[in-house]
There are 2 protein chains.
Amino acid sequence: MTNPTSTEPRRALTLRDVSEASGVSEMTVSRVLRNRGDVSAATRERVLQASRALGYVPNKIAGALASQRVNLVGVIIPSLSNMVFPEVMTGISSVLDNTGLQPVVGVTNYLPDREEAVLYEMLSWRPSGVIIAGLEHTAPARAMMAQAGIPIVEIMDIDGQAIDSAVGISHRRAGRQMAEAIIASGYRRIAFMGTQMPNDFRAKKRLEGFEEALRRNGLALVDREFYDGGSALLKGREMTAAVLRRSPDVDFLYYSNDMIGAGGLLYCLDQGIDVPGKVGLAGFNGVELLDGLPRRLATMDACRLEIGQRAAQIINARNQTADLGPDVVELFPTLQPGDTIRQF
Amino acid sequence: MTNPTSTEPRRALTLRDVSEASGVSEMTVSRVLRNRGDVSAATRERVLQASRALGYVPNKIAGALASQRVNLVGVIIPSLSNMVFPEVMTGISSVLDNTGLQPVVGVTNYLPDREEAVLYEMLSWRPSGVIIAGLEHTAPARAMMAQAGIPIVEIMDIDGQAIDSAVGISHRRAGRQMAEAIIASGYRRIAFMGTQMPNDFRAKKRLEGFEEALRRNGLALVDREFYDGGSALLKGREMTAAVLRRSPDVDFLYYSNDMIGAGGLLYCLDQGIDVPGKVGLAGFNGVELLDGLPRRLATMDACRLEIGQRAAQIINARNQTADLGPDVVELFPTLQPGDTIRQF
DNA sequence: TTGCGCTATGTTACCGCTAACGGGGCCTGC
DNA sequence: GCAGGCCCCGTTAGCGGTAACATAGCGCAA
């Protein structure tokens with residue numbers, strides 16, 4: 001264990017170790033490792049060799065403190081198991097990868113207090129920016145973001161007041177659009193199924209928009225059902241069964257997400273129900289999963305990839321150029337009628 | 001904008017600002033905010049009030065540098081869209097939440113070089129531990145982890161040599177077990193479908209174990225098909241169609257994951273194929289999704305939640321108690337026959 | 001009253017790195 | 001032949017906290 005090539009170092013390596021091993025000052029080592037400033041090719045090579053030989057890994061904590069720069073971008077999302085957010089992450093990464101910035105993910109489980117705690121923790125690392133899902137936050141969370149002095153991008157939703165920048169779609173409008181399409185296809189007795197979660201504000205706004213459009217057309221939801229936890233696909237089956245039993249005359253089933261919609265679709269097909277003739281179905285999100293179903297569920301994509309990309313672009317631009325102002329970007333989802341809405 | 005209550009601070013707040021606002025030393029403020037050491041109730045209250053009023057957020061970078069302690073645990077995984085890793089993350093978070101440690105996720109997209117880069121980046125923040133998927137890493141990555149002087153837990157897999165600690169299942173054994181169960185149920189003409197990815201070592205090991213068991217029973221795969229990217233459910237349908245066309249006499253379809261297995265199952269049901277009479281099916285992972293399918297696919301759970309929990313426990317234990325040694329934990333997945341393997 | 005010990009707070013010296021500046025050697029032009 | 005500039009590298013002074021130690025003030029027993 002006292003072997004000099006042992007894998008157990010007796011203490012952490014610092015710039016000083018590399019500088020001694022290569023016979024130059026710490027500053028020069030620092031310059032080499034960051035590719036900054038002028039260093040002769042010979043010295044550079046010597047330093048790199050020593051650094052690699054020792055297995056030196058720079059201490060970004062010290063570096064960040066000294067330079068007052070942190071290449072991290074906090075990303076705060078409600079859930080990872082949602083299928084939605086991994087794709088947003090992909091969009092963020094695809095842009096950030098070329099910028100030297102790095103995303104750091106925090107998960108809130110749709111809990112406002114947890115969001116506040118995660119945000120506090122993130123800000124305490126002084127990131128270069130924050131991307132956070134939704135426009136609804138606790139008052140302290142809003143205050144922290146407003147004070148932070150870094151670009152903040154609220155994503156997914158634009159129905160509300162952004163603290164700084166925002167990228168998203170109008171979920172209220174999305175709900176309205178879907179309702180209008182459903183009504184235009186001649187359906188009249190419409191039921192809704194969705195999550196129980198009181199803090200999924202976007203699902204709530206979609207439902208509000210949906211009901212508003214129904215009202216304007218002299219209609220109202222015939223039935224509704226909520227779920228909470230468990231396998232979404234299975235819950236979709238169960239809720240659909242319950243609704244069809246309770247309200248046998250419904251002719252349309254609107255789901256707050258594609259996963260339960262897919263469950264409902266599978267159930268209807270199992271039962272030999274004529275889709276979309278007798279009953280139409282629609283979900284929300286445009287998840288990839290749907291491509292493999294026996295019939296394509298009507299849905300509306302939430303522009304997840306692009307939301308991630310645009311958000312990351314805003315953070316990056318603001319980091320490059322001081323004095324860029326806030327930027328609110330509205331994206332427009334397209335309705336994909338699939339095979340579960342009657343077409344004329 | 002020069003309004004003192006403006007939300008645009010002219011410069012970042014430090015301990016000094018809070019200490020001046022509350023009339024005590026920086027050290028006392030530090031003690032209050034960390035709940036450490038003795039501070040009188042009156043002073044504590046005064047400090048907290050000032051801190052809140054200013055909207056002070058401590059700078060963990062400086063704190064970490066001074067205390068040589070970082071409450072972060074790096075978690076390095078290949079993908080977030082896999083359904084598998086979010087659940088591992090849930091397990092990790094559930095344990096870490098009570099410890100003051102915080103997970104930080106890095107994604108490698110199954111690329112060894114990217115894994116190395118992500119690891120380097122993480123180690124440069126001097127985390128308290130690293131949880132990393134798999135046992136296969138580049139040589140520099142292995143060296144970095146061995147040198148880091150922090151607990152390293154390699155998860156998912158135990159078929160190989162761990163650098164430090166490991167928690168996982170034997171994928172080779174899992175493949176063998178599945179093959180034996182299939183053979184025991186009387187199936188003989190078996191086909192395999194899986195991902196193309198050369199770096200999904202665990203899928204590869206499952207297949208190796210599977211084929212080994214076939215060989216020992218005088219059998220061999222009748223057909224095989226690989227895919228790459230796209231909707232797994234859809235790919236499962238397509239590959240299944242292709243295999244059944246090419247090899248109409250197969251009586252069992254073994255899938256490297258549940259998602260393509262589910263696609264295959266839906267295809268078979270669509271085609272009116274007798275499952276499990278004429279053709280049996282099995283996947284791997286035990287994803288929640290399967291609960292909602294018309295028939296339950298045979299599978300083997302990968303103990304994802306428990307893997308995350310045990311890994312987090314190891315990191316935490318090592319952080320609490322110095323001189324705890326490496327720990328290799330093997331978990332044992334159970335075969336869930338579902339409705340797609342003949343039962344006697 | 002004296003002195004001990006405890007509690008509550010302050011002081012000092014870093015943690016490991018980088019910004020900013022300084023300066024030696026060498027080349028170049030006049 | 002020497003001033004001026006350029007390249008390369010070193011020195012200095014922090015960044016914003018915290019560990020460790022120092023110390024003031026007080027209560028209390030002898």
Side-chain angles (χ1 to χ4, degrees), chain A residues 9 11-48 50-51 54-71 100 120-121 123-128 148-149, chain B residues 9 11-48 50-51 54-72 100 121 123-128 148-149:
Chain A
R11 64 179 181 71
L13 292 169
T14 72
L15 267 192
R16 158 151 246 105
D17 297 293
V18 183
S19 92
E20 282 169 2
S22 50
V24 297
S25 72
E26 299 175 36
M27 197 58 223
T28 299
V29 176
S30 171
R31 280 194 268 253
V32 169
L33 295 179
R34 286 178 302 143
N35 274 316
R36 198 155 304 227
D38 297 313
V39 182
S40 71
T43 310
R44 149 166 282 109
E45 202 40 54
R46 209 143 38 88
V47 168
L48 284 176
S51 167
L54 292 170
Y56 174 69
V57 177
N59 185 331
K60 286 218 179 192
I61 296 174
L65 183 62
S67 68
Q68 304 282 54
R69 241 171 294 140
V70 179
N71 68 334
Y120 187 79
E121 171 76 17
L123 290 181
S124 74
W125 288 100
R126 302 291 189 267
S128 292
Chain B
R11 65 176 181 72
L13 293 168
T14 72
L15 266 193
R16 158 150 245 107
D17 297 292
V18 182
S19 91
E20 281 170 3
S22 50
V24 296
S25 73
E26 299 175 36
M27 197 59 224
T28 300
V29 177
S30 171
R31 280 193 269 253
V32 169
L33 296 179
R34 286 178 300 144
N35 274 317
R36 198 153 306 222
D38 298 313
V39 180
S40 72
T43 309
R44 148 166 283 109
E45 201 41 53
R46 209 143 37 89
V47 169
L48 284 176
S51 168
L54 292 171
Y56 174 69
V57 177
N59 185 331
K60 286 221 180 189
I61 296 175
L65 183 62
S67 67
Q68 304 282 51
R69 243 172 294 145
V70 179
N71 69 333
L72 302 177
E121 171 77 16
L123 290 181
S124 73
W125 288 99
R126 301 293 187 265
S128 292

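To find a chain, count down the sequence lines: A is the first, B the second, and so on, and within it residues start at 1. Computed over heavy atoms, backbone and side chain alike; hydrogens, waters and symmetry mates excluded.
- Rounded to a whole Å, the CD1 atom of B:I61 is 11 Å from the C1' atom of D:dG17.
- Distances shown here put every side-chain N or O of B:S40 at or beyond 4.0 Å from the OP1 or OP2 atom of C:dT7.
- Enclosure of atom CZ in A:R34 by more than 12 non-hydrogen atoms of other residues, nucleotides or ligands within 6.0 angstrom is indicated.
- Separation of atoms CG (A:N71) and OG (B:S124) is listed at 7.5 Å; rounding is to 0.5 Å.
- Dashed line: the shortest gap from a side-chain N or O of B:T28 to OP1 or OP2 of C:dG10 is under 4.0 Å.
- The NZ atom of A:K60 sits 11.5 Å away from the CZ atom of A:R69 when rounded to the nearest 0.5 Å.
- You'll find that the side chain of B:Q68 is closest to C:dG16, out of D:dT18, C:dG16, C:dT11.
- Nearest nucleotide to the B:S25 side chain, out of C:dC17, C:dG10, D:dT18: C:dG10.
- Side-chain atoms of B:S67 lie closest to D:dT18 of the nucleotides C:dA19, D:dT18, D:dG17.
- The shortest heavy-atom contact between B:D17 and B:A12 is OD2-O, 4.0 Å.
- Proximity note for A:S30 (side chain, C-beta onward) versus C:dT18, D:dG16, D:dC9: the nearest is C:dT18.
- To the nearest angstrom, P of C:dG10 lies 11 Å from CD of B:E26.
- Put simply, CZ on B:R31 is 11 Å from C1' on D:dC21, counting in whole angstrom units.
- Nucleotide D:dT18 holds its P atom 12 Å from the CG atom of B:N35, rounded to whole Å.
- The side chain of A:T43 lies closest to D:dC9, out of D:dC9, D:dA19, C:dA19.
- Side-chain proximity of B:M27 to the nucleotides C:dA19, D:dG17, C:dT11 is greatest for C:dT11.
- Closest to the A:A62 side chain, of the nucleotides C:dT18, C:dG16, C:dG10, is C:dG16.
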Close N/O contacts between protein and nucleotides 4-7 of chain D (under 3.5 Å):
none

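- Scanning all heavy atoms of the two residues, the minimum distance from A:E26 to A:L15 falls at O-CD1, 3.7 Å.
- Taking only side-chain nitrogens and oxygens, A:R36 never comes nearer than 4.0 Å to OP1 or OP2 of D:dC8.
- In this structure, the CG atom of A:L13 is 15 Å from the P atom of C:dC15, given to the nearest Å.
- Using five terminal pairs a side, the axes of the helix from C:dT1-D:dA30 to C:dC30-D:dG1 at its two ends make an angle of 50°, given in steps of 10 degrees.
- For A:R69 and C:dA19, the shortest distance from a side-chain N or O to OP1 or OP2 is below 4.0 Å.
- The residue A:R34 sits close only to the backbone: its heavy atoms come under 4.0 Å of sugar-phosphate atoms, none of a base.
- Atom CD of A:E121 and atom CG of B:L72 lie 6.5 Å apart (nearest 0.5 Å).
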